[in-house]
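Below: one structure, written as structure tokens.
A, B, ... follow the sequence lines: proteins, then strands. Residue 1 opens every chain.
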Amino acid sequence: YATVGLRWKKSELTWSIQNYPSLHPFLKPDYVHYIMTHALKAWSDVTNLNFQAASSSEQNRADIMISFARSLHDDGYPFDGKGGTLAHAFFPGDYEVAGDTHFDDEESWTYKDDSGTDLFAVAVHEFGHALGLSHSSTSPSIMRPYYQGAVGDDIEAYILPDDDRHAIQSLYGIKISTPTTSPNKPTSQLPKPPNPPHPKVPSQPDPSIQNRCEGGFDAVANIRGEIFFFKGPYFWRIQRSRSLVSLQPALIKNFWMGLPPGTDKIDAVYERKSDSRIIFFIGSQYWVFKDTAAMSGYPRPLSDWGLISHDGKEAKSVEAAFVWAHNGKTYIFSGGEFWRFSEAEKRHQDAGYPRFSSLWKGVPSNPDDIITGEEGDAYFFKNNSYWVVKSGELDQDSVTRKSTAVDWMECPEPTPTTLPGNPRGRGGDCNCGISG
Amino acid sequence: HLAPMPDQYSRGVDWLSRYGYLPPPDPRTGQLQSKEGIEKAIKEMQRFAGLKDTGKLDSDTLKLMNTPRCSLPDIIGSKDLLKKRRRKRR
């Protein structure tokens, strides 16, 4: 652990909440008060510190003033929107902002809900700073600088890791008295979680509820080395480093300008190599984008592409589209068939197409979408899985199915569930995973 | 517009400065960070985070740099503490 050499010279500290999170609809003031009370209690449980909620007349004179702020908020530590920096607190001292603790109001603060950032875990960390602790490199420690997720469902039973207990006791000593461990005296006044404990409003889904770990992406595209996963009206963006720009999806309409209002499903997307234009297929139409704006003259009908199937019918929509880096050709998949195009100068369909998608051995014949990397491998996506076809090989001996959620979406490895013996007496165990 | 891929190296240097692993750039001298200094800072960051200290912006390091975190630096110098006091008083 590390301390900064500053500590409060008193053991009775007051705290107040200046305002409440405005973004998340479920964290009501009662909840925030409950969370902060118990986050402070984690520190007073092991020291002789006592935390007292400031009276209404002393709200603006409390030692630890808690607030939710956005962007620049006049303390030299601007926030940066969702993700990135989450919160900060000022070390103890006799200066005006000492002890003050600020949370980024643009985070999706949550409690007992994995869809956002756990306010309790971050509050315990920040109060550590407000009491004089610096960041720790030890694991486990609540003072590690990186967000580590929620610390458990029962915040009333939360106990600091040993590293943090030693740290705070090096500043304020070991707790001597036994009975009172409360930030609000007496103990019986400790707030209980407001009821209902975790209200949800299904009719107004929060964007963060779009679960990237469930898979089922409508379209996937490699655009200038970054991978875009489209699902419903949202998309996720993965940088070249393979890191998600954010765990939370962004609204397609806020980034890709020019698609019709109400667009809630993209069929396929690819980047045209000849001029870096980006092609969106939606139903029986397609759009060509220059950067993030649709070009004039679009949408155009899908019939421009001449996607006539073996039985003479015209494709009504596109399932997958990609440029195979292996040969630079553009491939369009629809209805179990695929067409190949040359787009080096003007687009023209190669002779001998369509062909049946089943020519691509070991991969789904109706993929959600396909991309290629610079090395020429083709990645077929379907539901929550993907398959890699090595460059130039249509009929590999075996193509391994992999998890999109784990490998692309930074989701945890599903825990295999071992079931009891086969009821029909064959004696084997089954292993089931969410991706399998 | 769809920005080109951000310069991960310069973003990494910015990140290292922000969280105390590199001294902040000095506007008076315009002195650039040395390659050795940056590599040393990356190693320090990696050791602090429990990563293998390669001194390079490898994928694990970049991933951690993109992880949500506290705004305060990991390495706090006396200047940081003084800066905070002065800022609010002014």
*Structural part of Phe79(A) lying under 4.5 Å from a heavy atom of chain B*: side chain

_Contact residues of residues 54-63 of chain B (partner chain A; heavy-atom separation under 4.5 angstrom)_ = Ser59(B), Leu62(B), Lys63(B)

_Tell me whether Lys52(B) at atom NZ has more than 12 heavy atoms from other residues, nucleotides or ligands lying less than 6.0 Å away._
no

*For each of Leu86(A), Asp104(A), Val122(A), Asp80(A), tally heavy-atom pairs with chain B at distances under 4.5 Å, and name the one with the top tally.*
Leu86(A)

*What heavy-atom pair brings Ala89(A) and Leu72(B) nearest, and what distance separates the two atoms?*
O-CD1, 3.2 Å

*Ser136(A) versus chain B, the contacting section by heavy-atom distance below 4.5 Å*: backbone

*Roughly how far, to the nearest 0.5 Å, is CG of Asp74(B) from OG of Ser137(A)?*
9.5 Å

*Highest number of heavy-atom pairs under 4.5 Å with chain B: which of Gly83(A), Ser139(A), Gly84(A), Gly5(A)?*
Gly84(A)

*Flag side-chain contact, heavy atom, 4.5 Å: Phe48(B) against His135(A)*: yes

_Positions in residues 64-71 of chain B that reach chain A, provided some heavy atom is under 4.5 Å away_ = Leu64(B), Asn66(B), Thr67(B), Pro68(B), Arg69(B), Cys70(B), Ser71(B)

*Select one option (side chain, backbone, both, neither) describing which atoms of Gln148(A) are under 4.5 Å from chain B's heavy atoms.*
neither

*Measure distances from His102(A) to the heavy atoms of chain B and classify the residue's part below 4.5 Å as side chain, backbone, both or neither.*
neither

